[in-house]
Amino acid sequence: MSDVLTLAAEARDRAGKGASRAVRREGRVPAVIYGNKEAAVPIHVEEKLLTKMLHTGHFMNSVVEITVDGTTHRTLPRDVQFHPVSDRPIHVDFLRVTGDSLITVNVPVRFENEAASPGLKRGGVLNVVRHEVEIKCPSNAIPDDIVVDVTGFEVGDSIHISVVKLPKGVTTVIDRDFTIATIVAPSGLKSQEDAGEGEAAA
């Protein structure tokens, strides 16, 4: 399961662009906590710490516990806005969640047992169609990744979500049997096949 991140915040007294600019000049990032049928709480957080969390690569699918004025809010990042030139974070939306509430997140895909795939051992290439899968799961059980076992797959095979063993309580948002990856022939083999077809046609 993804680690729970902790983030200290301060309440924002004023809203609006002018107030937000003033906050950013102090090395802080405006943000808001909303949802769970409670009033929205405007806050600001330290830019350096937020940037460090963003660079972990799993910020958007991690629970973030935000402490404001002694109260801890269990949240999930929903949106991060970046400056178009500097690429610095300029605003974050955090959604309140409870331990057993179902949430929707994108989780990275990880492939294992590549040495047990005849197609890959022959020089085939794993062509990843989906690097992430959108899932529904309890907020207290977000998996770090979706593991895809490629044992036994040959060149030309497609790997569908139906062959993947999802963690308990996890379902995919897309309800059809979509393709996660394919095993394609290496370019050298393709070139030989194309050449052979060309000669046959001639």
Side-chain angles (χ1 to χ4, degrees), residues 1-112 130-148 165-173:
M1 177 183 156
S2 296
D3 294 333
V4 174
L5 305 176
T6 57
L7 190 60
E10 295 179 19
R12 273 190 294 151
D13 296 328
R14 296 183 301 129
K17 291 183 178 180
S20 295
R21 280 196 293 267
V23 165
R24 293 186 190 107
R25 282 197 294 269
E26 296 172 1
R28 313 282 292 181
V29 179
V32 64
I33 301 170
Y34 70 98
N36 203 27
K37 298 180 181 178
E38 296 179 42
V41 178
I43 58 171
H44 55 86
V45 300
E46 184 184 346
E47 182 182 348
K48 285 183 180 179
L49 183 55
L50 176 63
T51 301
K52 185 178 179 182
M53 289 183 175
L54 287 166
H55 286 162
T56 63
H58 55 81
F59 178 71
M60 296 303 291
N61 62 347
S62 295
V63 170
V64 182
E65 291 187 343
I66 303 173
T67 303
V68 189
D69 295 334
T71 301
T72 299
H73 302 262
R74 189 176 175 86
T75 72
L76 190 73
R78 289 282 81 172
D79 184 50
V80 182
Q81 297 173 28
F82 296 92
H83 190 279
V85 177
S86 66
D87 211 30
R88 292 167 58 183
I90 57 174
H91 194 275
V92 191
D93 291 348
F94 293 98
L95 174 69
R96 288 188 191 92
V97 294
T98 56
D100 58 352
S101 60
L102 280 179
I103 57 172
T104 302
V105 290
N106 286 303
V107 176
V109 175
R110 176 169 61 86
F111 297 89
E112 67 176 17
R130 291 180 183 270
H131 292 275
E132 290 185 328
V133 173
E134 191 175 19
I135 62 168
K136 285 185 179 179
C137 65
S139 66
N140 58 359
I142 305 172
D144 292 325
D145 46 35
I146 298 298
V147 179
V148 180
K165 186 176 180 181
L166 296 173
K168 185 180 179 181
V170 173
T171 58
T172 57
V173 172

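Quick note: residue numbers are just sequence positions, from 1. Worth knowing before you read on, the calculation uses all heavy atoms, side chains too, and leaves out hydrogens, waters and symmetry mates.
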Least distance between heavy atoms, P89 atom then V80 atom:
CB-CG1, 4.3 Å
Please check if the side chain of R28 supplies one atom and the backbone of H44 the other of a donor-acceptor pair under 3.5 Å.
yes
T51 vs R88, test: side-chain contact (heavy atoms from CB on, under 4.5 Å). Steps then yes/no.
CA-CA 8 Å; T51 301; R88 292 167 58 183; over 6 Å; no
Heavy atoms, side chains only, cut-off 4.5 Å: are I103 and I142 in contact?
yes
Residues L76 and S62: closest non-hydrogen pair is CD1-O, 3.3 Å
Rounded distance [0.5 Å steps], OG1 in T98 versus CG in N140
8.5 Å
To the closest 0.5 Å, what do you measure between OG1 (T171) and CD1 (I135)?
8.0 Å
So which heavy atom on D87 is nearest to which on F82, and how close?
O-CD2, 3.4 Å
Compare all side-chain heavy atoms of K165 with those of I146 and state whether any distance is below 4.5 angstrom.
no
Are Y34 and L95 close enough, and set up right, to give a side-chain contact (heavy atoms from CB on, under 4.5 Å), and what steps lead you there?
CA-CA 5 Å; Y34 70 98; L95 174 69; 3.7 Å; yes
Once rounded to the nearest 0.5 Å, what's the spacing between atom CE of M53 and atom NE2 of H58?
10.0 Å
Look up atom CD in E47 and atom CD in E26, then write down how far apart they are to the nearest 0.5 Å.
12.0 Å
V63 backbone acceptor or donor facing R74 side chain under 3.5 Å:
no
I'd like to know if the side chain of T67 reaches the main chain of A8, judged simply by a donor and an acceptor atom lying under 3.5 Å from each other, with no hydrogens or angles considered.
no
Gap separating the CD1 atom of I90 from the CZ atom of R21, nearest 0.5 angstrom
11.0 Å
Within-4.5 Å side-chain heavy-atom neighbours: V68 and H73:
yes
Evaluate the side-chain proximity of F94 to V41: yes if any heavy-atom separation is below 4.5 Å, no if none is.
no
Pairwise side-chain contact, L166 with P143, heavy-atom cut-off 4.5 Å (strictly under)
no
Do you know the tightest heavy-atom contact between V107 and D145?
CG1-CA, 3.3 Å
Student check: side-chain heavy atoms of H131 and V109 closer than 4.5 Å
no
CG-CZ distance between D93 and R78, expressed to the nearest 0.5 angstrom
10.0 Å
Test your reading of the model: is there a side-chain donor-acceptor pair from R12 to the backbone of A31, 3.5 Å cut-off?
yes
In terms of heavy-atom contacts, T75 and I33 come closest through CG2-CG2, 4.0 Å
Between M60 and V105, is any pair of side-chain heavy atoms under 4.5 Å apart?
no
Report yes if the side chains of N36 and V97 come closer than 4.5 Å at any heavy-atom pair, otherwise no.
no
